[in-house]
Amino acid sequence: MSDDIALTEAPEAERYEIRVGGELAGFLEYRGRGDVRALVHTEIDSAYEGRGLGGRLVGFVLDDVHAREGMTIVPICSFVHKYLAEHGEYLDLVQPHIRTAFHL
């Protein structure tokens with residue numbers, strides 16, 4: 001993957017962004033400013049699809065949440081849900097009753 005990829009959080013917009021060559025390639029929206037974040041929508045611009053950017057973005061978000069001790073997520077976004085199902089190392093970010101509700 002190219003070195004010109006930047007991943008950042010834009011808290012004022014309640015989202016994380018992925019940029020390629022300085023251009024916005026996609027984002028992951030969240031809701032919640034406390035200890036629980038609902039990850040509600042992931043979108044990659046069609047010009048950047050098929051390059052693994054969605055997975056890279058979700059991995060970045062989950063790593064960031066993991067670094068914030070005590071924070072958990074609610075995986076409302078179907079892309080995030082699928083990512084979690086395939087990457088069990090992040091399931092500790094989802095409270096047990098939420099895991100049950102989301103079949104994780």
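The first residue in the sequence is number 1, and the count goes up from there.
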Can you list the residues that meet the side-chain hydrogen bond (donor to acceptor under 3.5 Å, both in side chains) rule with H81, with sequence neighbours excluded?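 So H81 forms no side-chain hydrogen bond (donor to acceptor under 3.5 Å, both in side chains) with any residue.
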Run the side-chain hydrogen bond (donor to acceptor under 3.5 Å, both in side chains) test against Y90 and tell me which residues pass, sequence neighbours left out.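 For Y90, the residues satisfying side-chain hydrogen bond (donor to acceptor under 3.5 Å, both in side chains) (neighbours in sequence not counted) are D63.
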How close do [X] and [Y] get, heavy atom to heavy atom, and via which atoms?
X: R56; Y: I5; result: NH1-CD1, 3.4 Å
X: I73; Y: I98; result: O-CG2, 4.5 Å
X: V80; Y: P75; result: CG1-CB, 4.0 Å
X: L57; Y: Y16; result: CD1-CB, 4.1 Å
X: R99; Y: L91; result: NE-O, 3.2 Å

Going by the rule side-chain contact (heavy atoms from CB on, under 4.5 Å), which residues pair with E29 if we only count those two or more places apart in sequence or in a different chain?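 Only R15, F27, R31, V40, H41 meet the side-chain contact (heavy atoms from CB on, under 4.5 Å) criterion with E29.
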Of all residues at least two apart in sequence or in a different chain, which pass the side-chain contact (heavy atoms from CB on, under 4.5 Å) check with T72? V36, Q95
Intermediate values then yes/no, side-chain contact (heavy atoms from CB on, under 4.5 Å), V94 and V74: CA-CA 6 Å; V94 184; V74 179; over 6 Å; no
Worked verdict on L84 versus L62 for side-chain contact (heavy atoms from CB on, under 4.5 Å): CA-CA 9 Å; L84 285 168; L62 297 178; 3.9 Å; yes
Check step by step if side-chain contact (heavy atoms from CB on, under 4.5 Å) holds for V20 and Y48. CA-CA 9 Å; V20 177; Y48 297 96; 3.7 Å; yes
Listed by chain and number, what are the ring pair (Phe, Tyr, Trp, His ring centres under 6.0 Å) partners of F79, not counting sequence neighbours? none
Tell me, do H66 and D92 make a side-chain contact under 4.5 Å, heavy atoms counted? yes
With the side chain counted from C-beta on, respond yes when Y30 and P11 share a heavy-atom pair under 4.5 Å apart, and no when they do not.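 Y30 reaches P11 side chain to side chain.
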List for me each residue that meets salt bridge (charged side-chain N to carboxylate O under 4.0 Å, His left out) alongside R68, sequence neighbours excluded, and say none if there are none. E9, D64
Is any NZ, NE, NH1 or NH2 atom of the basic residue among E17 and R19 found under 4.0 Å from an Asp or Glu carboxylate oxygen of the other?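 A salt bridge is present here (some side-chain N lies under 4.0 Å from a carboxylate O).
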Spell out, yes or no, whether L24 and L28 are grouped together once hydrophobic residues are joined by side-chain heavy atoms under 4.5 Å, including indirect joins.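 Cluster IDs for L24 and L28 differ.
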